[in-house]
**Student:** 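Right, I'll just put the structure down here and ask away after.
Chain naming here is simple, since letters A, B, ... match the order of the sequence lines and numbering starts at 1 in each.
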Amino acid sequence: MLEQIREPLLAWYRENKRQLPWREEPTPYHVWVSEIMLQQTRVEAVKEYYTRFLQALPEVKDLAQCPEEQLLKLWEGLGYYNRVRNMQKAAIEIVEKYGGVMPADYEKILALPGIGSYTAGAVSSIAYGIPRPAVDGNVLRVITRITENPEDILKQSTKKKVETALQEIMLEDCPGDFNQSLMELGATVCVPNGMAKCEQCPVAQMCQAHAHKTVLEYPKKTPKKQRKIEERTVLVIQNGQEFAISRRPPKGLLAGLYELPNREGYLSEEEILSYVKDLHLLPLHIREAGEAKHIFSHVEWRMKGYFIKVAATEEKKVGSLIFVDRKESRGKYPIPSAFSAYRKFIEEDF
DNA sequence: AACACGGGGGG
DNA sequence: CCCCCAGTGTT
């Protein structure tokens with residue numbers, strides 16, 4: 001039954017596909033970069049990053065050799081920073097084991113760091129014409145609606161079943177277009193949050209949910225648990241024309257990125273001043289720099305900021321703090337957007 | 001199977 | 001405010 005979707009979907013895709021940067025020259029490297037960027041990330045957000053990234057690193061070997069600092073800078077603001085670290089690990093592996101060319105083999109692609117079944121299927125099918133499914137959130141939504149499948153799409157067993165079902169109906173002929181047609185339909189027609197444009201859908205006639213007017217009930221998913229809330233105190237420490245940043249640990253949230261110094265909990269001004277003194281810095285003034293909130297997928301930071309001016313020091317490194325020139329540092333250190341509310345204080349003076 | 005891991009656009 | 005996005009790795 002499901003195989004009936006093939007032809008109408010392909011025909012629809014050829015007429016309606018969007019023109020996207022990574023569709024212009026779908027080499028394995030280009031497809032790979034785009035697919036990694038597109039993980040949990042919207043097309044619109046990816047476009048500029050994609051172009052800039054490939055301009056800086058046109059080939060796999062450039063990625064393999066890129067300094068970490070520049071790599072993170074290219075990724076700054078995209079989120080999920082392990083994506084780019086894993087991509088570099090994979091690039092190094094591709095250079096060492098495969099002569100700098102992504103292998104044309106699903107299993108070998110799947111074995112690369114940062115590549116799971118979705119990305120392996122996408123790269124295999126789009127770049128190499130290998131008939132493997134690429135099941136992402138769009139595809140899960142489209143297929144569970146067409147088949148009126150009540151299983152929880154957040155369960156990997158459901159994803160596995162959809163992959164198997166699609167593998168069985170895939171032909172050798174243009175698997176990349178077939179996969180992309182499902183994703184494109186999900187992204188532009190069979191959209192989430194109850195506004196599906198069924199009147200535009202090339203497979204509405206064979207859609208169970210459409211037939212039974214239950215489209216809004218799909219896909220089924222278990223409610224996600226609520227975010228943890230963390231209170232933090234953020235410090236903008238100014239030393240003349242310099243301000244303090246520090247590097248985050250190599251693992252965990254925002255690994256390896258730079259940040260404004262910050263502490264768990266809401267500290268009193270006295271506690272902040274004694275913290276600054278413990279760093280062997282002499283605080284001259286302190287004032288509030290306002291409150292800010294930043295929401296991650298699994299945690300929410302509620303921040304109170306303080307602006308602190310310290311007596312001049314020549315030291316560039318004080319404990320874990322690094323004093324950097326506020327102008328010259330601007331394009332240099334990747335600082336996540338969680339701190340964007342306090343960036344303006346860096347430019348300010350008392 | 002559950003959780004960690006960013007950030008932003010849209011209702 | 002909530003949803004969810006061309007998901008993967010770790011535990």
Side-chain angles (χ1 to χ4, degrees), chain A residues 13 17-18 20-23 26 30-50 72 75-87 89-90 109-127 133-142 152-160 163 176 178-188 190-195 216 219 221-228 230 248-249 251-257 259 293-301 334-341:
Chain A
Y13 178 67
K17 67 178 174 187
R18 293 165 293 178
L20 299 171
W22 43 93
R23 285 179 176 161
H30 291 176
V31 174
W32 176 34
V33 171
S34 70
E35 293 300 344
I36 299 295
M37 287 187 170
L38 286 161
Q39 289 170 9
Q40 299 292 290
T41 309
R42 293 171 191 280
V43 165
E44 284 312 312
V46 167
K47 284 181 179 170
E48 302 89 287
Y49 282 92
Y50 173 82
L72 287 172
W75 211 265
E76 180 185 38
L78 255 192
Y80 288 137
Y81 298 91
N82 270 146
R83 289 187 290 179
V84 73
R85 294 179 208 280
N86 283 145
M87 197 161 53
K89 282 184 202 160
I109 294 172
L110 181 60
L112 262 11
I115 297 187
S117 70
Y118 164 74
T119 305
V123 173
S124 297
S125 64
I126 299 170
V135 177
D136 69 343
N138 287 313
V139 177
L140 250 7
R141 183 172 59 257
V142 168
D152 180 354
I153 61 162
L154 297 180
K155 295 175 75 170
Q156 42 186 317
S157 60
T158 307
K159 179 176 175 182
K160 195 75 196 156
E163 283 174 341
F178 177 64
N179 283 334
Q180 291 183 90
S181 73
L182 283 164
M183 294 190 271
E184 194 81 352
L185 189 75
T188 62
C190 195
V191 292
N193 299 326
M195 356 148 341
L216 301 193
K221 54 178 61 176
T222 52
K224 48 182 117 177
K225 65 166 216 173
Q226 69 172 54
R227 276 185 289 269
K228 191 193 332 173
E230 282 184 25
R248 293 181 60 82
K251 288 201 178 299
L253 185 65
L254 303 170
L257 275 72
E259 65 182 355
K293 182 168 70 173
H294 187 81
I295 299 173
F296 299 92
S297 44
H298 59 298
V299 61
E300 174 176 329
W301 282 358
I335 298 177
S337 61
F339 296 96
S340 60

**Student:** Look at all strands and tell whether A:E44 reaches a base, only sugar-phosphate, or nothing, counting heavy atoms closer than 4.0 Å.
**Tutor:**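 Contact class for A:E44: none.
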
**Student:** Regarding A:Y80, tell me which of base, sugar-phosphate or nothing describes its non-hydrogen contacts under 4.0 Å with the strands shown.
**Tutor:**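 Touches a base.
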
**Student:** Taking only N and O in the side chain of A:S337, is any of them less than 4.0 Å away from OP1 or OP2 of B:dG8?
**Tutor:**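 The answer is yes; a side-chain N or O of A:S337 sits under 4.0 Å from OP1 or OP2.
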
**Student:** When rounded to the nearest Å, what value does the distance between C1' atoms of B:dG6 and C:dC3 take?
**Tutor:**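 Straight-line distance between the two C1' atoms is 15 Å.
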
**Student:** Reckon A:K89 touches a base, only the sugar-phosphate, or nothing at all at heavy-atom distances under 4.0 Å?
**Tutor:**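 Since no nucleic acid heavy atom lies under 4.0 Å of A:K89, the category is nothing.
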
**Student:** Which part of the nucleic acid does A:R23 contact within heavy-atom distance under 4.0 Å: base, sugar-phosphate only, or nothing?
**Tutor:**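 If one applies the 4.0 Å heavy-atom cut-off, A:R23 turns out to touch a base.
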
**Student:** Does A:H294 have a side-chain nitrogen or oxygen under 4.0 Å from the phosphate oxygens OP1 or OP2 of B:dG6?
**Tutor:**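 No, A:H294 has no side-chain N/O under 4.0 Å of OP1/OP2 on B:dG6.
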
**Student:** Please report, rounded to the nearest Å, how far the C1' atom of C:dA6 is from the OH atom of A:Y118.
**Tutor:**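 Taking OH of A:Y118 and C1' of C:dA6, I get 3 Å after rounding.
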
**Student:** Measure distances between side-chain N and O atoms of A:Q156 and base N and O atoms of B:dA1, and say whether any donor-acceptor pair falls under 3.5 Å.
**Tutor:**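 Answer yes: a donor N or O sits under 3.5 Å from an acceptor.
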
**Student:** Classify A:W75 by what it touches in the nucleic acid, base, sugar-phosphate, or nothing, heavy-atom distance under 4.0 Å.
**Tutor:**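 The residue A:W75 makes no contact with any strand.
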
**Student:** Looking across every strand, which nucleic acid part, if any, lies under 4.0 Å from A:L78 by heavy atom: base, sugar-phosphate, or nothing?
**Tutor:**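 Counting heavy atoms under 4.0 Å across all strands, the contact made by A:L78 includes a base.
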
**Student:** Please name the nucleotide paired to C:dT8 by Watson-Crick or G-U wobble geometry with both distances under 3.5 Å, or report none.
**Tutor:**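 The base-pairing partner of C:dT8, which may sit in any strand shown, is B:dA4.
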
**Student:** Can you check the A:I36 CD1 to C:dG9 C1' distance for me, whole Å?
**Tutor:**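 Going from CD1 in A:I36 over to C1' in C:dG9 covers 12 Å.
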
**Student:** So, does A:T158 use its side chain to make a donor-acceptor pair with the main chain of A:D152 at under 3.5 Å?
**Tutor:**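 Pair found, side chain donor or acceptor close to backbone of A:D152.
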
**Student:** Does A:R42 get its side chain close enough to the base of C:dC4, under 3.5 Å, for a donor-acceptor pair?
**Tutor:**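 Indeed there is one.
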
**Student:** Describe the nucleic acid contact of A:G252 in one word from base, sugar-phosphate, nothing, applying a heavy-atom distance below 4.0 Å.
**Tutor:**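 Sugar-phosphate contact only - A:G252 comes under 4.0 Å of backbone atoms but never of a base.
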
**Student:** Is a donor-acceptor contact shorter than 3.5 angstrom present between the side chain of A:R18 and the base of C:dA6?
**Tutor:**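 For A:R18, whose side chain was compared with the base of C:dA6, there is a donor-acceptor pair (under 3.5 Å).
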
**Student:** May I ask you to say what A:K293 touches in the nucleic acid, namely base, sugar-phosphate or nothing, with a heavy-atom cut-off under 4.0 Å?
**Tutor:**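 The answer is sugar-phosphate, as A:K293 gets under 4.0 Å only of primed atoms, P, OP1 or OP2.
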
**Student:** Can you check the distance between B:dG11 and C:dA6, where both ends of the measurement are the P atom (answer in whole Å)?
**Tutor:**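 The answer is 14 Å between these two P atoms.
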
**Student:** Give the rounded distance in Å between these two atoms: CG of A:L254 and P of B:dG6.
**Tutor:**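 Rounded to whole Å, this separation is 5 Å.
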
**Student:** For A:N193, which contact category applies under a 4.0 Å heavy-atom criterion: base, sugar-phosphate, or nothing?
**Tutor:**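 Sugar-phosphate contact only.
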
**Student:** By the 4.0 Å heavy-atom rule, please label A:K221 as base, sugar-phosphate, or nothing.
**Tutor:**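 Sugar-phosphate contact only.
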
**Student:** Which is true for A:S34 with a 4.0 Å heavy-atom rule: it touches a base, it touches only sugar-phosphate, or it touches nothing?
**Tutor:**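 Result for A:S34 = nothing.
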
**Student:** Base, sugar-phosphate, or nothing: which does A:L20 touch, judged by heavy atoms less than 4.0 Å apart?
**Tutor:**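 Base contact.
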
**Student:** Measure NZ/A:K17 against P/C:dA6 and give the value in whole Å, please.
**Tutor:**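 Taking atom P of C:dA6 as the reference, NZ of A:K17 is at 18 Å.
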
